[in-house]
A.B. asks: 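If you scroll down you'll find the structure; I have some questions about it.
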Amino acid sequence: MVRVLYFSWIRERVGVNHEVIDTNAQTVRKLVEELKQRDERYSFAFSDLSSVRVAIDQNMGDFESDITQAKEIALFPPMTGG
């Protein structure tokens with residue numbers, strides 16, 4: 001089980017702030033592929049992964065990062081300064 005957090009427009013597209021998912025995915029990419037199969041909201045939210053960033057247990061990662069021991073995955077758009 002892994003807690004998945006969604007931020008900003010990803011949260012708006014998916015429709016929830018977070019959820020706990022039972023997955024056997026070994027990478028973030030595989031997890032996202034599983035999510036996209038659940039519902040078209042996820043497909044829409046993750047249609048362009050170049051505009052999505054990843055944190056695994058509060059450390060920056062990427063879509064090929066190993067999540068087999070992860071407790072939390074955060075998915076969010078790129079940050080901009082201001």
Side-chain angles (χ1 to χ4, degrees):
M1 302 284 266
V2 64
R3 181 177 165 101
V4 182
L5 309 174
Y6 307 105
F7 292 91
S8 188
W9 56 260
I10 298 171
R11 175 187 63 234
E12 292 169 9
R13 291 177 184 181
V14 170
V16 295
N17 293 331
H18 70 277
E19 57 190 324
V20 177
I21 297 175
D22 187 15
T23 181
N24 291 320
Q26 295 182 343
T27 65
V28 177
R29 185 174 306 281
K30 293 289 185 186
L31 174 64
V32 168
E33 289 303 318
E34 284 181 16
L35 292 171
K36 288 169 69 175
Q37 297 301 313
R38 291 175 120 189
D39 187 286
E40 67 182 37
R41 295 173 300 147
Y42 295 93
S43 261
F44 178 57
F46 300 115
S47 62
D48 179 10
L49 294 183
S50 69
S51 63
V52 178
R53 299 296 175 263
V54 176
I56 301 147
D57 293 331
Q58 300 184 8
N59 294 304
M60 292 301 292
D62 60 38
F63 287 95
E64 304 313 320
S65 295
D66 183 344
I67 61 168
T68 55
Q69 300 299 313
K71 302 241 186 285
E72 179 182 272
I73 310 294
L75 299 161
F76 51 92
M79 309 270 199
T80 58

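This is a predicted model, so every value here is computed, not measured. Hydrogens, waters and symmetry mates play no part in the numbers below; they use all other heavy atoms, side chains included.
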A.B. asks: Are Val16 and Val32 connected into the same hydrophobic cluster when the rule is that any two of I, L, V, M, F, W, Y join if their side-chain heavy atoms are below 4.5 Å apart?
C.D. replies: yes

A.B. asks: Pick from Phe7, Phe76, Trp9: which one makes a side chain to side chain contact (heavy atoms under 4.5 Å, CB included) with Val52?
C.D. replies: Trp9

A.B. asks: Calculate, to the nearest 0.5 Å, the distance between atoms CZ and NZ belonging to Phe46 and Lys36 respectively.
C.D. replies: 9.0 Å

A.B. asks: Atom OG1 in Thr27, atom CD1 in Ile67: separation rounded to 0.5 Å?
C.D. replies: 6.5 Å

A.B. asks: Roughly how far, to the nearest 0.5 Å, is the CG atom of Asp57 from the CD atom of Gln69?
C.D. replies: 10.0 Å

A.B. asks: Would you indicate whether the side-chain heavy atoms of Leu5 and Ile73 approach each other to under 4.5 Å?
C.D. replies: no

A.B. asks: Work out which heavy atom in Asp62 is nearest to a heavy atom in Val28; give both atom names and the distance.
C.D. replies: O-CG2, 3.6 Å

A.B. asks: Is the closest side-chain heavy-atom distance between Ile21 and Leu35 below 4.5 Å?
C.D. replies: yes

A.B. asks: Using a cut-off of 6.0 Å, state whether more than 12 heavy atoms not belonging to Asn24 lie near its atom CG.
C.D. replies: no

A.B. asks: Who are the salt bridge (charged side-chain N to carboxylate O under 4.0 Å, His left out) partners of Glu72, not counting sequence neighbours?
C.D. replies: none

A.B. asks: Under the rule for side-chain hydrogen bond (donor to acceptor under 3.5 Å, both in side chains), what residues qualify as partners of Tyr42, not counting sequence neighbours?
C.D. replies: Glu19, Arg38

A.B. asks: Please give me the minimum heavy-atom distance between Pro77 and Ser8, naming the atom from each residue.
C.D. replies: CG-CB, 3.5 Å

A.B. asks: With a 3.5 Å distance limit and no angle check, can you tell me whether Ser43 reaches the backbone of Glu40 through a side-chain donor-acceptor pair?
C.D. replies: no

A.B. asks: For a quick test of reading the model, state the closest non-hydrogen atom pair linking Arg11 to Asn17 and the distance between them.
C.D. replies: CD-OD1, 2.5 Å

A.B. asks: Within a 6.0 Å radius of atom CD on Glu34, are there more than 12 heavy atoms belonging to other residues, nucleotides or ligands?
C.D. replies: yes

A.B. asks: What is the distance from atom CG of Leu75 to atom CG of Leu49, rounded to the nearest 0.5 Å?
C.D. replies: 9.0 Å

A.B. asks: CD of Glu64 to CZ of Arg29: how many Å apart, nearest 0.5 Å?
C.D. replies: 4.0 Å

A.B. asks: For Arg41, what residues pass the salt bridge (charged side-chain N to carboxylate O under 4.0 Å, His left out) criterion, not counting sequence neighbours?
C.D. replies: Asp39

A.B. asks: Locate the shortest heavy-atom distance separating Ala70 from Ile56; write the atom from each residue and the value.
C.D. replies: CB-CG2, 3.6 Å

A.B. asks: Does any non-hydrogen side-chain atom of Leu31 lie less than 4.5 Å from one of Val4?
C.D. replies: yes

A.B. asks: For the CD1 atom of Ile10 and the CZ atom of Arg53, what is their distance to the nearest 0.5 Å?
C.D. replies: 9.5 Å

